Amino acid sequence: MKRLSHFSIALLVLAIAIPAFSDDQQKADKQLHKITALATDATGRRVVSVTVADTLEAKRPDLVAERRTMNLNYGDLFVAHVLVKSGTKMDDIAAQLKAGKKMGQIADERHVDWKQIAADAKKMNAKVEDNLYNHFLNGKPLAERDATEAYDPMIDGVAADNDVSKDEIAEAERTYLLWRDRADPKKASNLDTSSEKAAKGSRGDPVRSKAGKLAPP
């Protein structure tokens, strides 16, 4: 009876653990798909590329090469680097992908912490949105970085970038438009301020001119 009781408890624990594990992976997949969907657009891909590179402390050309060699979208690329960090060789991942396995399967076999991946991917998505907003405010820094790193979003594209649903792409478009629309008024305000400063510089500040006449040096 004791053995039967212990066996029943073990089954109960397993029954509880499996849904929780599955839930963690679903949350991770949702965040990873958001990253992938934002990269389906050229501008979004530039921002995602920078954010992923900074998060992984990797060089953008290296990430582009890995994506093209293994046909990895940015979500799967992030998981691949998590596996590498835990000791898996990138060549082994590439071999398993070539054999037909999905990144999720490869990660499962290595017992990744999906809960941690979900949390990290969520933080990265927040950073992507911050960088997207900043890019809409001022596109010059990203353009300069693209030039320095010889990054071309047209080259940084693979078939796996399309491994997202229409709903996920629609959500990415809403996110894109949200930050663009929020940036536009502030960008216009900054331009107006710059124009006013330029105008004052060309004609002189009348207040300062009058003050100068009243109190000559």
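Owing to the predicted nature of the structure, the values given are computational and were not obtained by experimental measurement.
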Considering only heavy atoms from C-beta outward, does the side chain of Val82 approach that of Ile117 to under 4.5 Å? yes

Closest approach of Val164 and His33, non-hydrogen atoms and distance? CG1-O, 3.8 Å

Calculate, to the nearest 0.5 Å, the distance between atoms CZ and CG belonging to Arg180 and Leu132 respectively. 10.5 Å

Short side-chain to backbone donor-acceptor contact, Asn73 and Ala160, under 3.5 Å: yes

Check the pair His135 / Arg46 against side-chain contact (heavy atoms from CB on, under 4.5 Å), numbers first and verdict last. CA-CA 10 Å; His135 171 65; Arg46 292 169 66 205; 3.7 Å; yes

Could you tell me the separation between the CD1 atom of Ile169 and the OG1 atom of Thr36, rounded to the nearest 0.5 Å? 10.5 Å

Step by step, would you call Tyr176 with Phe136 a ring-ring contact (aromatic ring centres under 6.0 Å, His included)? CA-CA 10 Å; Tyr176 183 98; Phe136 287 135; 5.1 Å; yes

4.5 Å side-chain heavy-atom contact, Met103 and Ile93: yes

Does a side-chain heavy-atom distance below 4.5 Å link Tyr151 with Pro61? no

Side-chain (Thr55) to main-chain (Met124) donor-acceptor, under 3.5 angstrom: no

Does Tyr133 have Arg182 sitting over its ring (NZ/CZ under 6.0 Å from centre, angle to axis within 45°)? no

Test side-chain contact (heavy atoms from CB on, under 4.5 Å) applied to Lys123 and Lys127, step by step: CA-CA 6 Å; Lys123 289 178 184 176; Lys127 188 62 178 175; over 6 Å; no

Is there a path of hydrophobic side-chain contacts, each under 4.5 Å between heavy atoms, that joins Val158 and Ile35? no

Between CG on residue Asn138 and CG on residue Asn134, distance to nearest 0.5 Å: 9.0 Å

Report the C-alpha separation of Arg60 and Asp156 in whole Å, then their side-chain angles, then the decisive distance to 0.1 Å, and conclude whether the salt bridge (charged side-chain N to carboxylate O under 4.0 Å, His left out) test is met. CA-CA 10 Å; Arg60 291 170 85 194; Asp156 183 24; over 6 Å; no

Before you tell me yes or no, could you show the steps for Lys102 and Asp76 under salt bridge (charged side-chain N to carboxylate O under 4.0 Å, His left out), namely the whole-Å CA-CA distance, both residues' side-chain angles and the distance that decides it to 0.1 Å? CA-CA 9 Å; Lys102 300 292 185 182; Asp76 284 348; over 6 Å; no

What's the verdict on side chain to side chain donor-acceptor pair (under 3.5 Å) for Ser86 and Arg110, showing C-alpha distance, side-chain angles and the deciding distance? CA-CA 9 Å; Ser86 65; Arg110 284 159 176 76; over 6 Å; no

Does Arg67 form a side-chain contact (heavy atoms from CB on, under 4.5 Å) with Tyr74? I'd like the steps, not just the answer. CA-CA 8 Å; Arg67 273 169 42 77; Tyr74 270 105; 3.3 Å; yes

I'd like to know if the side chain of Gln31 reaches the main chain of Ala28, judged simply by a donor and an acceptor atom lying under 3.5 Å from each other, with no hydrogens or angles considered. no

Over all atoms of both residues, closest heavy-atom pair of Leu32 and Ala121: CD2-CB, 4.1 Å

Working to the nearest 0.5 Å, report the span between CG of Leu72 and CE of Met90. 7.5 Å

Once rounded to the nearest 0.5 Å, what's the spacing between atom CG of Asn131 and atom OG1 of Thr51? 4.0 Å

Identify the heavy atoms of Gly100 and Gln105 that sit nearest to each other, and give their distance. O-OE1, 4.4 Å

Take Asp120 and Gln116 through the side chain to side chain donor-acceptor pair (under 3.5 Å) test and state the conclusion after the steps. CA-CA 6 Å; Asp120 291 342; Gln116 186 61 52; 2.9 Å; yes

Looking only at non-hydrogen atoms, find the nearest pair between Met154 and Arg45 and report the distance. CE-NH1, 4.2 Å

Decide yes or no on side-chain contact (heavy atoms from CB on, under 4.5 Å) for Leu77 and Leu63, but give the supporting numbers first. CA-CA 8 Å; Leu77 181 69; Leu63 296 183; 4.0 Å; yes

Nearest atoms (heavy-atom pairs only) where Arg145 meets Asp54: NH2-OD1, 2.7 Å

Indicate yes or no for a side-chain donor-acceptor contact from Thr69 to the backbone of Ala65 under 3.5 Å, with no hydrogens or angles considered. yes

Looking at Asp29, Asp23, Asp24, which hits salt bridge (Lys or Arg N to Asp or Glu O under 4.0 Å) with Lys27? Asp23

Report the C-alpha distance between Trp114 and Asp108 in whole Å, list the side-chain angles of each, state the deciding distance to 0.1 Å, and finish with yes or no for side chain to side chain donor-acceptor pair (under 3.5 Å). CA-CA 9 Å; Trp114 285 114; Asp108 272 341; 2.9 Å; yes

Apply side chain to side chain donor-acceptor pair (under 3.5 Å) to Lys101 and list each qualifying residue two or more places apart in sequence or on a separate chain. Glu109

Taking atom NZ of Lys34 and atom CG of Asn125, what is their separation to the nearest 0.5 Å? 5.0 Å

Does atom CD (Glu57) have a neighbourhood of more than 12 heavy atoms from anything else shown, all under 6.0 Å? no

